[in-house]
Amino acid sequence: QKEVEQNSGPLSVPEGAIASLNCTYSDRGSQSFFWYRQYSGKSPELIMSIYSNGDKEDGRFTAQLNKASQYVSLLIRDSQPSDSATYLCAVNKHTDKLIFGTGTRLQVFP
Amino acid sequence: DAGVIQSPRHEVTEMGQEVTLRCKPISGHDYLFWYRQTMMRGLELLIYFNNNVPIDDSGMPEDRFSAKMPNASFSTLKIQPSEPRDSAVYFCASSFDRGTGYTFGSGTRLTVV
């Protein structure tokens, strides 16, 4: 079992819709959770962090964390073609390092 | 803030040659990470430093790989000798504290022919 798992996609959604990206992790002791966006040929960019159960909203983005079920999700409201990218989930355990999933490719079509 | 700075952006080298990748972290960030990204394996952590000291190099694939951080503002990742399977994008990232998100550099795309 991978430490951090994501569906590779692509996830295709129409412009204006809600995109829902999911991530599961194996270590119940994980403490910090992050979502990165990576455009093709570019470096990962941190877009959301979440540390406690529940929802965290930032603009069109909402991160959701459920530690009991060991999953974290990212919702993108009013999806735009410019949101088309690969979204990486990253998890921090009791250490200094982040473990990344392999990413979900999102395609938003006009 | 100039962000994390990596050089070169692209490197093409012949098999057997030595390759040196460079990274300047964000000032004040105590942690520096070297990652490798490929289509097949995604982002893999190679090594990381805390306050210039290597903490975990368990991700370094072979003895051909080495990394140093002589001071707080500079780190190198060296591959000697290079092999075609080392072709990947190498990212450097830094963070100011454990458990916080990283800031990535622009990466070095390495091609070994």
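Numbers restart at 1 for each chain; the letters A, B, ... are given by sequence-line order, proteins then strands.
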Item to check | Polar side-chain atom of Ser43(A) near backbone of Gly105(B) as donor-acceptor pair, under 3.5 Å | outcome: yes
Checklist entry - So which residues of residues 46-75 of chain A are in contact with chain B at a heavy-atom cut-off of under 4.5 Å? => result Leu46(A), Tyr51(A)
Next on the checklist: Tell me whether Val4(A) shares a hydrophobic cluster with Leu88(A), the cluster being built from Ile, Leu, Val, Met, Phe, Trp, Tyr side chains joined at under 4.5 Å.
Outcome noted: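 Unlinked, Val4(A) and Leu88(A) end up in two clusters.
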Checklist entry - Would you say Phe34(A) and Tyr25(A) are hydrophobically clustered, going by side-chain heavy atoms of ILVMFWY under 4.5 Å? => result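 Hydrophobic grouping puts Phe34(A) apart from Tyr25(A).
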Next on the checklist: If I take atom CG from residue Asn92(A) and atom OG1 from residue Thr100(B), how far apart are they, to the nearest 0.5 angstrom?
Outcome noted: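 Spacing of CG (Asn92(A)) from OG1 (Thr100(B)) equals 8.5 Å.
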So with a 6.0 Å cut-off around [atom1] of [X], is the heavy-atom count from everything else above 12?
{"X": "Asp63(B)", "atom1": "CG", "value": "no"}
{"X": "Arg109(B)", "atom1": "CZ", "value": "no"}
{"X": "Phe96(B)", "atom1": "CZ", "value": "no"}
{"X": "Glu62(B)", "atom1": "CD", "value": "yes"}

Next on the checklist: I need the full list of side-chain hydrogen bond (donor to acceptor under 3.5 Å, both in side chains) pairs touching residues 5-19 of chain A, with sequence neighbours left out, sorted by first then second residue.
Outcome noted: Ser12(A)-Gln107(A)
Checklist entry - Which answer fits Gln37(B), side chain, backbone, both or neither, if we ask what part of it has an atom under 4.5 Å from a heavy atom of chain A? => result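 Just its side chain gets close to chain A.
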Checklist entry - Can you say whether Asp56(B) sits under 4.5 Å from chain A via the side chain, the backbone, both, or neither, judging by heavy atoms? => result side chain
Next on the checklist: I'd like to check Pro44(A) versus Leu43(B) (side-chain heavy atoms, cut-off strictly below 4.5 Å). Are they in contact?
Outcome noted: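 Yes. Closest side-chain heavy atoms under 4.5 Å.
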Checklist entry - Of the backbone (N, CA, C, O) and the side chain (C-beta and beyond), which part of Lys97(A) lies under 4.5 Å from a heavy atom of chain B, both, or neither? => result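 Lys97(A) touches chain B through backbone and side-chain heavy atoms alike.
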Checklist entry - Between Gln38(A) and Phe91(B), what is the shortest heavy-atom contact and its length? => result NE2-CZ, 3.8 Å
Item to check | Residues that Phe33(B) engages under ring pair (Phe, Tyr, Trp, His ring centres under 6.0 Å), provided they are two or more places apart | outcome: Tyr48(B), Tyr102(B)
Item to check | Listed partners of Tyr87(A) passing ring pair (Phe, Tyr, Trp, His ring centres under 6.0 Å), at least two apart | outcome: none
